[in-house]
Amino acid sequence: MTTITGFQQRVYKLLQKVPKGKVTTYAILAKALNCGSSQAVGGALKRNPFAPEVPCHRVVKSDRSLGGFYGQIEGPQIENKKALLLAEGVKFDADNKVMANCLWQFK
DNA sequence: ACCGTGACGGCGA
DNA sequence: TTCGCCGCCACGG
(Lines give C-alpha, C1' and ligand atoms only; values in the text may rest on other atoms or scores of the structure.)
Protein backbone atom coordinates (compact mmCIF):
# COMPACT_ATOMS: atom_id res chain seq x y z
CA MET A 1 0.00 0.00 0.00
CA THR A 2 1.74 3.14 -1.15
CA THR A 3 0.74 5.62 1.44
CA ILE A 4 1.76 8.86 -0.21
CA THR A 5 1.57 11.74 2.19
CA GLY A 6 1.26 15.31 1.05
CA PHE A 7 4.78 16.03 2.14
CA GLN A 8 6.24 13.21 0.06
CA GLN A 9 4.28 14.31 -2.96
CA ARG A 10 5.70 17.76 -2.50
CA VAL A 11 9.23 16.36 -2.40
CA TYR A 12 8.78 14.35 -5.60
CA LYS A 13 7.24 17.26 -7.42
CA LEU A 14 10.08 19.53 -6.47
CA LEU A 15 12.67 16.91 -7.32
CA GLN A 16 11.31 16.65 -10.83
CA LYS A 17 12.19 20.30 -11.18
CA VAL A 18 15.87 19.39 -11.13
CA PRO A 19 17.23 19.36 -14.71
CA LYS A 20 19.43 16.61 -16.08
CA GLY A 21 23.10 17.10 -15.43
CA LYS A 22 22.44 18.85 -12.13
CA VAL A 23 22.09 17.60 -8.58
CA THR A 24 20.60 18.95 -5.38
CA THR A 25 20.96 18.23 -1.70
CA TYR A 26 18.57 17.07 0.98
CA ALA A 27 19.05 20.35 2.80
CA ILE A 28 18.20 22.44 -0.26
CA LEU A 29 15.06 20.38 -0.85
CA ALA A 30 14.09 20.69 2.78
CA LYS A 31 14.55 24.43 2.66
CA ALA A 32 12.54 24.75 -0.53
CA LEU A 33 9.81 22.74 1.18
CA ASN A 34 10.08 25.02 4.18
CA CYS A 35 11.07 22.02 6.24
CA GLY A 36 13.79 22.22 8.87
CA SER A 37 14.81 18.61 8.62
CA SER A 38 16.60 17.07 5.68
CA GLN A 39 16.11 13.66 7.21
CA ALA A 40 12.43 13.89 6.51
CA VAL A 41 13.26 14.47 2.85
CA GLY A 42 15.60 11.51 2.83
CA GLY A 43 12.91 9.37 4.36
CA ALA A 44 10.52 10.35 1.61
CA LEU A 45 13.03 9.51 -1.10
CA LYS A 46 13.87 6.24 0.54
CA ARG A 47 10.29 5.19 0.10
CA ASN A 48 10.17 6.71 -3.36
CA PRO A 49 7.32 4.87 -5.11
CA PHE A 50 8.16 6.49 -8.46
CA ALA A 51 11.53 4.93 -9.15
CA PRO A 52 12.59 6.33 -12.56
CA GLU A 53 9.97 9.06 -12.76
CA VAL A 54 11.46 10.80 -9.80
CA PRO A 55 15.21 11.33 -10.26
CA CYS A 56 16.14 10.43 -6.70
CA HIS A 57 19.68 9.78 -7.93
CA ARG A 58 20.10 13.54 -8.37
CA VAL A 59 19.97 14.05 -4.65
CA VAL A 60 23.18 14.07 -2.63
CA LYS A 61 24.18 15.03 0.85
CA SER A 62 25.08 18.63 1.63
CA ASP A 63 28.73 17.64 1.90
CA ARG A 64 28.38 16.60 -1.74
CA SER A 65 28.88 12.90 -1.02
CA LEU A 66 26.55 10.52 -2.86
CA GLY A 67 24.24 9.86 0.04
CA GLY A 68 21.95 6.87 -0.49
CA PHE A 69 20.11 5.12 -3.26
CA TYR A 70 17.29 2.58 -3.36
CA GLY A 71 17.25 2.16 0.39
CA GLN A 72 20.99 1.75 0.70
CA ILE A 73 23.52 4.25 1.94
CA GLU A 74 26.36 2.24 0.46
CA GLY A 75 26.84 -0.72 -1.85
CA PRO A 76 26.46 -1.59 -5.51
CA GLN A 77 23.41 0.63 -5.91
CA ILE A 78 25.49 3.61 -4.93
CA GLU A 79 27.99 2.78 -7.64
CA ASN A 80 25.11 2.69 -10.07
CA LYS A 81 23.95 6.04 -8.83
CA LYS A 82 27.35 7.50 -9.52
CA ALA A 83 27.35 6.00 -13.00
CA LEU A 84 23.91 7.47 -13.68
CA LEU A 85 25.04 10.93 -12.69
CA LEU A 86 28.20 10.62 -14.74
CA ALA A 87 26.06 9.65 -17.71
CA GLU A 88 24.06 12.84 -17.19
CA GLY A 89 27.18 14.96 -17.25
CA VAL A 90 27.59 15.43 -13.51
CA LYS A 91 31.25 15.50 -12.60
CA PHE A 92 32.78 14.01 -9.51
CA ASP A 93 35.65 14.89 -7.31
CA ALA A 94 38.36 12.39 -6.41
CA ASP A 95 36.50 11.67 -3.17
CA ASN A 96 33.27 10.62 -4.82
CA LYS A 97 31.83 14.08 -4.34
CA VAL A 98 29.92 16.02 -6.95
CA MET A 99 31.49 19.28 -8.09
CA ALA A 100 29.92 22.31 -6.43
CA ASN A 101 29.12 23.92 -9.77
CA CYS A 102 26.81 20.99 -10.58
CA LEU A 103 24.57 21.73 -7.60
CA TRP A 104 21.10 22.88 -8.47
CA GLN A 105 19.41 25.53 -6.39
CA PHE A 106 15.71 26.26 -6.50
CA LYS A 107 15.79 29.89 -7.42
C1' DA B 1 -1.58 8.09 20.86
C1' DC B 2 3.32 7.18 21.95
C1' DC B 3 8.06 5.97 21.11
C1' DG B 4 11.95 4.80 18.21
C1' DT B 5 14.22 5.27 13.87
C1' DG B 6 16.27 7.55 9.75
C1' DA B 7 19.07 7.92 2.03
C1' DC B 8 20.81 14.44 7.24
C1' DG B 9 22.81 18.98 8.92
C1' DG B 10 25.25 21.88 11.81
C1' DC B 11 28.12 22.95 15.80
C1' DG B 12 31.45 21.67 19.30
C1' DA B 13 35.54 19.29 21.11
C1' DT C 1 40.96 19.11 10.04
C1' DT C 2 38.48 14.96 11.72
C1' DC C 3 35.33 12.65 14.86
C1' DG C 4 31.30 12.85 17.76
C1' DC C 5 26.92 14.50 19.65
C1' DC C 6 22.47 16.84 19.45
C1' DG C 7 18.64 18.62 16.90
C1' DC C 8 15.30 18.63 13.27
C1' DC C 9 10.65 16.75 10.76
C1' DA C 10 8.12 12.93 9.17
C1' DC C 11 6.95 8.03 9.20
C1' DG C 12 6.41 3.17 10.81
C1' DG C 13 5.29 -0.05 14.28
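Numbers restart at 1 for each chain; the letters A, B, ... are given by sequence-line order, proteins then strands. These numbers come from the heavy atoms of this one structure, side chains and all, not from hydrogens, waters or symmetry mates.
Residues A:Leu103 and A:Thr25 have side chains in contact (heavy-atom distance under 4.5 Å, counting atoms from C-beta outward). Contact check for A:Asp93 versus A:Val98: no side-chain heavy atoms found under the 4.5 Å cut-off. Within the 4.5 Å cutoff, the side chain of A:Leu66 has no heavy atoms near those of the A:Ile73 side chain.
Here A:Phe106 contributes atom CZ and A:Ile28 contributes atom CD1; the two are 7.5 Å apart, rounded to the nearest 0.5 Å. A:Met99 contributes atom CE, which lies 11.0 Å from atom CZ of A:Phe92 (distance to the nearest 0.5 angstrom). A distance of 12.5 Å separates CG of A:Leu15 from CH2 of A:Trp104, quoted to the nearest 0.5 Å. The OG atom of A:Ser62 sits 11.5 Å away from atom CG of A:Leu29, with the distance rounded to the nearest 0.5 Å. The NZ atom of A:Lys91 sits 10.5 Å away from the CG atom of A:Leu86 when rounded to the nearest 0.5 Å.
Among pairs with a residue in residues 68-88 of chain A, those fulfilling salt bridge (Lys or Arg N to Asp or Glu O under 4.0 Å) read A:Arg58-A:Glu88, at least two apart in sequence or across chains.
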Atom pairs, protein N/O to nucleotides 3-10 of chain C N/O, distance under 3.5 Å:
{"from": "C:dC8", "atom 1": "O2", "to": "A:Ser37", "atom 2": "OG", "distance (Å)": "3.1"}

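Under a cut-off of 6.0 angstrom, the local environment of NZ in A:Lys22 is crowded, with over 12 non-hydrogen atoms contributed by other residues, nucleotides or ligands.
Rounded to an integer number of Å, the gap from CD1 of A:Ile4 to P of C:dC11 is 10 Å.
Here A:Asp63 pairs with A:Ser65 under the side-chain hydrogen bond (donor to acceptor under 3.5 Å, both in side chains) rule; sequence neighbours left out.
A heavy atom lying under 4.0 Å from DNA chain B marks the following residues of residues 53-63 of chain A, by number: A:Cys56, A:Lys61, A:Ser62.
Stem list for DNA chain C (at least 3 consecutive Watson-Crick or G-U pairs, distances under 3.5 Å): B:2-6 with C:9-13, B:8-13 with C:2-7.
Across all strands, A:Leu45 comes closer than 4.0 Å to base atoms (heavy-atom distances).
Put simply, chain A comes within 4.0 Å of DNA chain B, heavy atom to any atom, from B:dG6 to B:dG10, going 5' to 3'.
Residues A:Tyr12 and A:Gln16 bring no donor and acceptor atom of their side chains to less than 3.5 Å of each other.
A:Pro49 pairs in a side chain to side chain contact (heavy atoms under 4.5 Å, CB included) with only one of the listed residues (A:Ile4, A:Thr3, A:Val54), which is A:Ile4.
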